[in-house]
Q: 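Below is one structure. I have some questions about it.
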2 protein chains.
Amino acid sequence: MLGEDGDPDTTVEAPDTLETLRSTIVQVYEDLSRRMKQVATFVLDKPEDVAFETLAVIAERADVQPSAIVRFAKILGYPGASQMQKVIRDELLANHMTLAYGERARQFTAASGEADGATDNILGEYVEADLVSLNHLRQSISAAQIREANAAIAQASTVYIAGFRRAFPPASYLAYALQRAGKRTCFIDGTGGLWANQIRGIQPDDLLIAISFRPYAEETVKCHAIALERGAPILSITDSNVSPLVKGSGQVLLVRDAEVRSFRSLTATLCLVQSLVISYAFASQEHDN
Amino acid sequence: MLGEDGDPDTTVEAPDTLETLRSTIVQVYEDLSRRMKQVATFVLDKPEDVAFETLAVIAERADVQPSAIVRFAKILGYPGASQMQKVIRDELLANHMTLAYGERARQFTAASGEADGATDNILGEYVEADLVSLNHLRQSISAAQIREANAAIAQASTVYIAGFRRAFPPASYLAYALQRAGKRTCFIDGTGGLWANQIRGIQPDDLLIAISFRPYAEETVKCHAIALERGAPILSITDSNVSPLVKGSGQVLLVRDAEVRSFRSLTATLCLVQSLVISYAFASQEHDN
DNA sequence: ATCGATATGGAATATTTATTCCTTCTTATT
DNA sequence: AATAAGAAGGAATAAATATTCCATATCGAT
């Protein structure tokens, strides 16, 4: 038995870095019970969730009881789940936050002005930022994820596509291209405010592809909810694990688009969407022959 | 008085992104009391702290009372401090956490075989091709051209935007973004086949931005012709000098998008369009002041 | 200098969140 | 098949955290 509860001596262990935590989990994994394995997998898989969400949310996402998480943390030697969370949180914050800080607010100083050669090399800036985000995209999405998405599309009787505001262009492209690729496609474009009617026809053998970015458009979130309720599988393309689209989605593709002067690009998203369509087109073609 | 408490109507505001939050703070800053300024500064300065610590901790670091933070959040229109925290937290997570992906847990799962070659690295190919086309874009469009385009947009009473088929996504983005930038915009989306009616209202002091690529969509070409006939200036975004959009257009921006397995990308076009919008937004902002 | 109005600190309260504990299942062993 | 030991679920409880409220202080106007 590992890390029995009350004992004051077993508390010496308890990993205090993400790495040691991970390796500890891997070490003990085989000896864990089914539920504990479930929690273990989740912690390894989604450390950001474990770090920044409440136990109730984590529990829901991992599909376990809150108490199971507490038990798991205790097995690892922590006094409670909170302490385990803190270890992960600190590490994630330390690693990734600092990097991001190059361009912190020029604060008040000319809050409005911008002045200088401002508009002069915007295109250059944009290209630069997009290059970075594309490279990141290449690294963050695996071929397996693309394949999985293709399978989902292939299986679907009809593909519903939802995307509003900033997500509208990639969504419209996806709808257009999938249709041309011979897939039955329904683009929820919200013309005349009829989006709710459009999505309500979705069936369990269809697929909803929902695209949304902060601040998540209400319509898309609602579509997601309706699809979920109607038992249809969902593929979400969004920008973070805290997106409202994540919960309940069979597959989630995370995209980190570039940002220039607080305007967000769409390049990475579009690139991903196009890759999806093309690989779907090729896959289905191969299959047909 | 800003963001009075109980009023149900004042709750409409409340920034829902870090950027809008920041600019709101900057805007109201001068009207704040001493303590509130202290909180404001801290929020601008240490968003990570505000996002991830408890009120008690934040309060201590900012050297104020917890209640002061709550009060501050309410001034900004939030129901409480928690909601303000959530906005910041989500954004920081969205921005920086995704970076941590890519090396996600293969851990157990025995890394199922990376099967078939065909669809396997489409994303990689795409990224590669897009990188090239972006670099090309940077070299082929000059800052002067962007400036000229801005001037044309600025002068126009209303901007009409036409783009169908493959050009639809960038056109829809342009329409969306220009509108948000405060420009009167009419997007010719052809809903219900009414595009001809939409464009016929164009005036000589308006501007048509027409986007089209081979094989040039008939609708766009017709829009172009109508605008010409009605004496409105035209800015065309297209892919060659022999495009039907070139003749009669006051300005032409040529884009050479990447092509992967005979599918054409949209990245360069979108990048150009976004650059246009941003530089317009900044230019017009400067002008206002 | 006095009054009124607004802002502040901090204790009291409400709410949310974590943890515990007891009952019900599971599963392995005889 | 019966039994016992461990695991899991979930309600109850404890802890923490956020929010409210009010007495006191500060500031500006007369």
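Here is the naming used below: chain letters follow the sequence lines, and residue numbers restart at 1 for every chain.
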Q: Whole Å only: how far is the CD1 atom of B:I75 from the C1' atom of D:dT19?
A: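 Distance, rounded to whole Å: 15 Å.
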Q: Just by protein heavy atoms under 4.0 Å, how would nucleotides 23-29 of chain D read 5' to 3' in B, S and -?
A: -------
Q: Rounding to a whole Å, what distance do you find between A:M84:CE and C:dT19:P?
A: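 In whole Å, C:dT19 P lies 10 Å from A:M84 CE.
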Q: Whole angstroms only, please: what is the CD1-P distance between A:I58 and C:dT19?
A: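 After rounding, the gap between these two atoms is 10 Å.
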Q: Using the side chain to side chain contact (heavy atoms under 4.5 Å, CB included) criterion, which residues pair with B:S172? Sequence neighbours excluded.
A: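 B:S172: side chain to side chain contact (heavy atoms under 4.5 Å, CB included) contacts with A:F168, A:P169, A:S172, B:F168, B:F187.
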Q: Going by the rule salt bridge (charged side-chain N to carboxylate O under 4.0 Å, His left out), which residues pair with A:E218 if we only count those two or more places apart in sequence or in a different chain?
A: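 By the salt bridge (charged side-chain N to carboxylate O under 4.0 Å, His left out) rule, A:E218 matches A:K222.
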Q: For B:S23, give me all partners under side chain to side chain contact (heavy atoms under 4.5 Å, CB included), at least two apart in sequence or on another chain.
A: none
Q: In chain order, what residues pass the salt bridge (charged side-chain N to carboxylate O under 4.0 Å, His left out) check against B:K183, with sequence neighbours excluded?
A: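 Per chain and number, B:K183 pairs via salt bridge (charged side-chain N to carboxylate O under 4.0 Å, His left out) with no residue.
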Q: For A:Q251, enumerate each residue passing the side-chain hydrogen bond (donor to acceptor under 3.5 Å, both in side chains) test, keeping only those at least two apart in sequence or located in another chain.
A: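 In terms of side-chain hydrogen bond (donor to acceptor under 3.5 Å, both in side chains), with neighbours along the sequence ignored, A:Q251 is linked to no residue.
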Q: With sequence neighbours left out, what residues match A:N135 under side chain to side chain contact (heavy atoms under 4.5 Å, CB included)?
A: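 Result, side chain to side chain contact (heavy atoms under 4.5 Å, CB included) vs A:N135: A:R138, B:L131.
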Q: Provide, to the nearest angstrom, the distance between the CD1 atom belonging to A:I69 and the P atom belonging to C:dT19.
A: 10 Å
Q: Would you say the side chains of A:S265 and A:T267 form a donor-acceptor pair under 3.5 Å?
A: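 Side chains of A:S265 and A:T267: pair found under 3.5 Å.
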Q: Between atom CD in A:Q83 and atom P in C:dT19, what is the gap in whole Å?
A: 6 Å
Q: Could you report the tightest heavy-atom contact between A:P233 and A:P204, atom names first, then the distance?
A: CD-O, 3.3 Å
Q: Provide a list of protein-nucleic acid N or O atom pairs under 3.5 angstrom, restricted to nucleotides 16-18 of chain C.
A:
unit_1, atom_1, unit_2, atom_2, d
C:dA18, OP1, A:L55, N, 3.3
C:dA18, OP2, A:L55, N, 2.7
C:dA18, O3', A:S82, OG, 3.1

Q: Please identify each residue that fulfils side-chain hydrogen bond (donor to acceptor under 3.5 Å, both in side chains) with B:T20, with sequence neighbours left out.
A: B:T17
Q: Sequence neighbours excluded and cut-off under 3.5 Å, please list the side-chain donor-acceptor pairs for residues 154-161 of chain A, or say none.
A:
unit_1, atom_1, unit_2, atom_2, d
A:T158, OG1, A:R184, NH1, 3.3

Q: Please report, rounded to the nearest Å, how far the P atom of D:dT17 is from the CD atom of B:E60.
A: 13 Å
Q: Please report, rounded to the nearest Å, how far the P atom of C:dT8 is from the CZ atom of B:F72.
A: 12 Å
Q: Identify, with sequence neighbours excluded, every residue that meets salt bridge (charged side-chain N to carboxylate O under 4.0 Å, His left out) alongside B:R61.
A: B:D49, B:E53
Q: Please tell me if A:R35 has a side-chain N or O lying less than 4.0 Å from either OP1 or OP2 of C:dT26.
A: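 Result: no.
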Q: With 3.5 Å as the limit, what N/O pairs link the protein to nucleotides 10-13 of chain D?
A:
unit_1, atom_1, unit_2, atom_2, d
D:dG10, OP2, A:Q65, NE2, 2.6
D:dG10, N7, A:S67, OG, 3.3
D:dG10, O6, A:S67, OG, 3.2

Q: Could you give the NZ-to-C1' distance, from A:K74 to D:dA8, as a whole number of Å?
A: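 Distance, rounded to whole Å: 15 Å.
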